[in-house]
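Heads up: the structure comes next, in structure tokens.
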Amino acid sequence: MGFLSNKIARDEVKPGDHIYSWRQAYVYAHHGIYVGEGQVNHFTRGDGQETGTGTFLDNLVVSSSLNHGDTPCPKCGDRTKVGGVISSCLDCFLAGGDLYVFEYSVSPAIFLAKPRGGTCTIGASDPPEEVIHRANFLLRNGFGVYNVFKNNCEDFAIYCKTGLLVANTDVGRSGQAATMVAAASVVLSSPLRFVAGFGSLAVAGYGMYCASRLVSDIGMRWDVSKVPVERLVADMDDLAGMETEPEERLVTDMAGMETKPEERLVADMAGMETKPEERLVADMAGMETKPEEKKTS
């Protein structure tokens with residue numbers, strides 16, 4: 001195992017492995033699941049929208065799909081505009097980079113010895129057949145909407161390996177996202193302002209950084225639960241349905257509001273038109289007959 005990450009040769013990769021490759025001079029890494037026969041299932045966005053933040057970052061970080069220019073890959077075709085869970089050959093996934101394997105069940109000491117997140121986890125992996133089943137099921141059914149902090153390529157790969165979902169989705173399972181949040185917390189933390197000396201500041205800052213990364217790891221978090229992939233997809237479908245139902249209910253309510261008052265109005269007018277006449281006839285009949293009956297008697 002390397003200090004920063006675990007680089008392997010192509011003939012060492014095995015089906016069910018969580019693999020990754022660095023992009024943009026080690027700015028970030030793209031993750032996926034090797035499913036065998038040279039194919040990798042991975043979660044991405046289209047060209048120019050890898051981060052999916054709607055900010056200038058989308059222009060700095062390119063798509064995870066390799067752009068072949070005018071000569072698309074003979075195995076994969078042109079996938080640069082395709083988003084979601086896709087299957088690519090190993091060459092397209094690596095995009096000219098080296099191959100690394102993401103490590104599971106590492107000790108806390110090894111985890112903290114790697115200053116860069118997104119290379120290993122304390123959490124345990126499920127058997128390869130379960131990993132491949134999840135990866136292929138999500139290839140057919142999707143993994144929701146891409147979000148760089150809450151639902152990215154590393155989140156996809158970690159879920160395929162562990163089946164674990166985080167209840168608090170402010171930050172997902174991604175070690176890269178946790179690293180960015182941890183670094184920002186150190187920079188913005190007010191207690192560090194009162195630490196005297198640069199050396200003490202550096203030690204205190206690195207300690208806070210390590211602690212934040214450790215408690216955010218999928219193997220250490222308490223707010224995770226095992227979710228079968230079939231239920232995950234069903235829940236995502238239900239969520240999509242909840243987003244459309246309010247519109248349907250609004251149309252129904254508006255239709256009811258348009259028709260019911262008219263029906264009530266017609267009924268009321270009919271009652272006002274007929275009931276007074278019936279009462280008038282009845283009253284006149286009573287006035288004509290009752291005096292005669294009294295006179296005869």
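Count residues from 1 along the sequence.
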- prompt: Is the backbone of Ile122 close enough, under 3.5 Å, to the side chain of Asp217 for a donor and an acceptor to pair up by distance?
  reply: yes
- request: Would you please test Met220 and Arg213 for side chain to side chain contact (heavy atoms under 4.5 Å, CB included) and show each step?
  value: CA-CA 10 Å; Met220 296 292 291; Arg213 279 188 57 223; over 6 Å; no
- prompt: When you look at Arg231 and Asp238, which way does the salt bridge (charged side-chain N to carboxylate O under 4.0 Å, His left out) test go after all the steps?
  reply: CA-CA 10 Å; Arg231 199 183 96 195; Asp238 291 342; over 6 Å; no
Test item: side-chain donor near acceptor, Ser88 and His42, under 3.5 Å: yes
query: If you group Ile, Leu, Val, Met, Phe, Trp and Tyr by side-chain heavy-atom gaps below 4.5 Å, do Ile110 and Val215 land in one group?
result: no
- prompt: Would one find more than 12 heavy atoms of other residues, nucleotides or ligands at under 6.0 Å from atom CD of Glu37?
  reply: no
query: Of all heavy-atom pairs between Ile19 and Val40, which one has the smallest distance, and what is that distance?
result: CD1-CG2, 3.9 Å
message: Show the nearest heavy-atom pair for residues Glu12 and Asp17, with the distance to one decimal.
response: O-OD2, 4.3 Å
- request: Using modelled atom types only, decide if a donor and an acceptor are shared between the side chain of Lys161 and the backbone of Gly16 within a distance under 3.5 Å.
  value: yes
message: If you define the side chain from C-beta out and look only at heavy atoms, does anything of Val101 sit under 4.5 Å from Val13?
response: no
- prompt: Looking only at heavy atoms, which two atoms of Cys89 and Cys73 are closest? And how far apart?
  reply: SG-SG, 3.9 Å
Side chains of Thr121 and His18 in contact at under 4.5 Å (non-hydrogen atoms): no
task: Would you mind listing every ring-ring contact (aromatic ring centres under 6.0 Å, His included) that reaches into residues 105-127, with sequence neighbours excluded?
output: none
task: Carefully, step by step, assess Asn41 and Asn136 under the rule side chain to side chain contact (heavy atoms under 4.5 Å, CB included).
output: CA-CA 7 Å; Asn41 292 3; Asn136 286 331; 3.0 Å; yes
- prompt: Nearest 0.5 Å, what's the CD-CG distance between Glu230 and Asp235?
  reply: 11.5 Å
query: Roughly how far, to the nearest 0.5 Å, is the SG atom of Cys76 from the CD1 atom of Ile86?
result: 8.0 Å
message: Please verify the inter-ring angle class for Phe143 with Phe156; under 30° counts as parallel, over 60° as perpendicular, anything in between as tilted.
response: perpendicular
task: List the steps, then state whether side chain to side chain contact (heavy atoms under 4.5 Å, CB included) holds for Lys226 with Leu164.
output: CA-CA 5 Å; Lys226 200 91 167 180; Leu164 297 175; 3.9 Å; yes
message: Contact between Val166 and Asp155 at the side-chain level, heavy atoms closer than 4.5 Å - yes or no?
response: no
- request: Indicate the ring-plane relationship of Phe43 and Tyr146, choosing parallel, tilted or perpendicular according to the 30° and 60° boundaries.
  value: tilted
- prompt: Is there a side-chain contact between Tyr104 and Cys120, using heavy atoms and a 4.5 Å cut-off?
  reply: no
task: Can you measure from CZ (Arg45) to SG (Cys153) and round to the nearest 0.5 angstrom?
output: 12.5 Å
Positive for ring-ring contact (aromatic ring centres under 6.0 Å, His included) with Tyr100, one of Tyr34, Tyr20, Phe93: Tyr20
- request: Could you label the plane-to-plane angle of the Tyr26 and Trp22 rings as parallel, tilted or perpendicular, counting under 30° as parallel and over 60° as perpendicular?
  value: tilted
- prompt: Where is the tightest heavy-atom contact between Tyr159 and Arg134, given as atom of each residue plus distance?
  reply: O-CD, 3.6 Å
query: Side chains of Asn6 and Thr119: closer than 4.5 Å at any heavy-atom pair?
result: no
message: Measuring from atom NE2 of His30 to atom OG1 of Thr44, what distance do you get when rounded to the nearest 0.5 angstrom?
response: 5.0 Å
Point-to-point distance, once rounded to the nearest 0.5 Å, from NE2 of His133 to CG of Leu138: 8.5 Å
- line: What one should report as the nearest heavy-atom pair of Ser105 and Ser125 is OG-N, 4.4 Å
- prompt: Can you name the closest pair of heavy atoms from Phe102 and Ile158 and give their distance?
  reply: CZ-CD1, 4.3 Å
- prompt: What's the verdict on side chain to side chain contact (heavy atoms under 4.5 Å, CB included) for Asn151 and Val145, showing C-alpha distance, side-chain angles and the deciding distance?
  reply: CA-CA 7 Å; Asn151 200 43; Val145 178; 5.7 Å; no
